[in-house]
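Have a look at the structure below before the remarks.
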Amino acid sequence: MSRPVTLGEFIIEKQKDFPYASGELSQLLSSIRLASKIVNREINRAGLADILGSVGQQNIQGETQMKLDVYANEVFINALRARGLVGGLASEENDDYIAFDEEIHKDSKYVVLIDPLDGSSNIDVNVSVGTIFSIYRRLSAPGTKVTIEDFLQPGHKQVAAGYIVYGSSTMLVYTTGHGVNGFTLDPSLGVFLLSHKNIKMPTSGTIYSINEGNYVKFPEGVKKYIKYCQESDPATKRPYTSRYIGSLVSDFHRNLLKGGIYIYPQGTNAPNGKLRLLYECNPLAFIAEQAGGLATDGYRRILDIQPNDLHQRVPYFVGSADMVSKAMEFMNQFNQKL
Ligand SMILES: O=P(O)(O)OC[C@H]1O[C@](O)(COP(=O)(O)O)[C@@H](O)[C@@H]1O
Ligand SMILES: [Mg+2]
Ligand SMILES: [Mg+2]
């Protein structure tokens, strides 16, 4: 009987997808794998360790930083700084990007953007949270310090992206542009094992995820789409079911496996939505598209948006292709893009 493939073996095996691979990207993914295990251990015993609650300060987004936000941020920064694989890093929890300028970094080819802890509002109540990462080849020449331009690249330039969901089990899901694969952490071995090979997102589903508490502030097109989801029509399996965990990674992961749509629209409370283009929307959009889904801002392909700020926000419609297309129909009908 063949044994499951470990993530480490899979990463090496998949290096053949890149004829000129130097192995640096593989090592970088391995650093992310290690950091996620360290964070996972802390999350699993969060109630016992003094790691719940906030640190009593806000990040650049004006959000209260939770102790686990800061802890996860440090663990990933240290893991990615460690081996000279990354020229620099940008994070939700840091105002500006960090240029690693020690000698070992000068020839590194990559930069990384991360949301170290996604779903912060769920940390203290034992609801699944995650980490999201996005990897680009730097534009600036090796031997020089990374610049902001290395981070403000459109999403279709990503060389790899993924997330870790710390839930009933811990999973790491990633793509390098050759399909999407998922690995489950076997806690007894401390090893990620291939559990979800070549994931395909169902083209349609019966789940919609949106914070309906903001309903009155939604654009008309979104209100109409929610009504469409709630109407009764057996032929199209409506009404759909509403599911909203409040952790983007967890809502996305469920929809990736079962089919569904997640929407965080612009609204009167968030003129450009809430979610951050660079380290939330782009990486999950890359995964969604690689699995046959779609990701837009209601009008445009997320991966084609030219970023102009590290922490810029965009409206987000992501999930099963048919459902995102339908939502866009309503947006174009009721909220013509000016
Ligand atoms: O509480 P709201 O406004 O519905 O927002 C929930 C959304 O905000 C987020 O928590 C934002 O991410 P962070 O926790 O990383 O800041 C998403 O995970 C989630 O989908
Ligand atoms: Mg987040
Ligand atoms: Mg976060």
Side-chain angles (χ1 to χ4, degrees), residues 35-36 38-40 42-43 45-47 49-81 86 88-100 111-134 146 148 151-152 163-166 209-211 213-214 217-218 244-252 262-284 297 305 307-316:
S36 67
I38 297 170
V39 171
N40 179 63
E42 221 49 40
I43 287 175
R45 61 193 196 95
D50 175 27
I51 201 149
L52 293 179
S54 81
V55 287
Q57 66 191 38
Q58 296 192 332
N59 62 22
I60 189 170
Q61 347 253 337
E63 291 165 349
T64 302
Q65 284 186 312
M66 306 299 282
K67 287 181 186 167
L68 260 170
D69 283 323
V70 175
Y71 175 80
N73 198 37
E74 280 161 13
V75 169
F76 277 94
I77 290 174
N78 293 339
L80 291 163
R81 181 197 291 275
V86 176
L89 177 143
S91 164
E92 176 191 2
E93 303 307 332
N94 294 74
D95 298 7
D96 205 350
Y97 68 89
I98 306 168
F100 296 152
V111 292
V112 175
L113 300 107
I114 55 167
D115 176 355
L117 211 287
D118 177 66
S120 308
S121 63
N122 282 325
I123 292 173
D124 289 3
V125 289
N126 207 356
V127 171
S128 68
V129 292
T131 293
I132 313 173
F133 64 89
S134 170
V146 295
I148 187 70
F151 297 94
L152 299 182
Y163 60 85
I164 299 102
V165 54
Y166 311 100
S209 319
I210 188 166
N211 183 343
N214 298 328
K217 302 165 187 155
F218 289 158
Y244 191 71
I245 297 170
S247 296
L248 166 65
V249 163
S250 313
D251 283 309
F252 176 85
Y262 171 100
I263 303 175
Y264 206 109
Q266 62 277 58
T268 49
N269 60 334
N272 294 311
K274 175 180 183 177
L275 300 177
R276 284 53 61 116
L277 174 61
L278 288 176
Y279 43 78
E280 290 175 319
C281 302
N282 271 338
L284 298 184
D297 66 355
I305 297 175
N308 49 42
D309 181 88
L310 273 183
H311 303 287
Q312 84 183 71
R313 302 171 192 260
V314 287
Y316 202 39

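Residues take their numbers from the sequence shown, with the count starting at 1.
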With a 4.5 Å limit on heavy-atom distance, are the side chains of Asp115 and Tyr279 in contact? yes
Side-chain touch Val249/Val129, heavy atoms, less than 4.5 angstrom: no
Take a 6.0 Å sphere around CG of Asp309 and say whether it holds more than 12 heavy atoms from other residues, nucleotides or ligands. yes
Donor-acceptor under 3.5 Å (His311 side chain, Arg276 main chain): no
Name all residues meeting the salt bridge (charged side-chain N to carboxylate O under 4.0 Å, His left out) criterion together with Asp69; count only those two or more places apart in sequence or in a different chain, and write none if there are none. none
Given Leu52 and Ile123, is the side chain to side chain contact (heavy atoms under 4.5 Å, CB included) satisfied, shown in steps? CA-CA 7 Å; Leu52 293 179; Ile123 292 173; 4.1 Å; yes
In Å, rounded to the nearest 0.5 Å, how long is the span from CG of Asn211 to OH of Tyr264? 6.0 Å
Could you check whether any side-chain heavy atom of Lys274 comes within less than 4.5 Å of a side-chain heavy atom of Gln61, counting everything from C-beta outward? no
Any side-chain heavy-atom pair from Tyr163 and Leu248 closer than 4.5 angstrom? no
Could you go through Tyr71 and Ile43, starting from their C-alpha distance and side-chain angles, then the distance that decides it, and tell me whether this counts as side chain to side chain contact (heavy atoms under 4.5 Å, CB included)? CA-CA 10 Å; Tyr71 175 80; Ile43 287 175; over 6 Å; no
In terms of relative ring orientation, are Tyr244 and Tyr262 parallel, tilted or perpendicular, with 30° and 60° separating the classes? parallel
To the closest 0.5 Å, what do you measure between OG1 (Thr131) and CD1 (Ile114)? 7.5 Å
Strictly under 6.0 Å, is that where the ring centroids of Phe76 and Phe133 end up? no
For Leu278 and Leu152: C-alpha separation, side-chain torsions, deciding distance, then whether side chain to side chain contact (heavy atoms under 4.5 Å, CB included) applies. CA-CA 8 Å; Leu278 288 176; Leu152 299 182; 3.8 Å; yes
Can you measure from CG (Leu68) to CG (Asp124) and round to the nearest 0.5 angstrom? 8.0 Å
Drop me the distance from Asp95's CG to Leu310's CG, to the nearest 0.5 angstrom. 10.0 Å
Regarding Asn122 and Ser247, do their side chains bring together a donor and an acceptor under 3.5 Å, going by distance alone? yes
Does the side chain of Ile77 come within less than 4.5 Å of Asn94's, by heavy atoms? yes
Are the side chains of Asp118 and Val165 in contact, using a 4.5 Å heavy-atom criterion? no
With heavy-atom distances below 4.5 Å as the criterion, would you say the side chains of Ser91 and Ile98 are in contact? no
Would you kindly say whether Glu93 and Asn59 are connected by a side-chain donor-acceptor distance under 3.5 Å? yes
Distance, nearest 0.5 Å, that separates CD of Gln65 from OG of Ser54: 9.5 Å
Could you check if a side-chain atom of Val86 sits within less than 4.5 angstrom of a side-chain atom of Val146, using non-hydrogen atoms only? no
When every non-hydrogen atom of Gln266 is compared with those of Pro271, the smallest separation belongs to CB-O, 3.1 Å
Will you find, in the side chains of Tyr166 and Ser36, an N or O donor that is under 3.5 Å from an N or O acceptor? no
Can you tell me if Ser128 and Ser250 form a side-chain donor-acceptor pair at under 3.5 Å? yes
Show the nearest heavy-atom pair for residues Asp251 and Gly246, with the distance to one decimal. OD2-N, 3.1 Å
Option from Ile263, Leu275, Asp297 for which side-chain contact (heavy atoms from CB on, under 4.5 Å) with Pro315 holds: Asp297
Partner set under ring-ring contact (aromatic ring centres under 6.0 Å, His included) for Phe151, not counting sequence neighbours: Tyr97
Of Val112, Val111, Leu113, the one forming a side-chain contact (heavy atoms from CB on, under 4.5 Å) with Ser134 is Leu113
Which pairs pass salt bridge (Lys or Arg N to Asp or Glu O under 4.0 Å) with one or both residues in residues 70-81, sequence neighbours excluded? Arg81-Glu102
Where do Glu280 and Tyr316 come nearest, in terms of heavy atoms and distance? O-OH, 4.2 Å
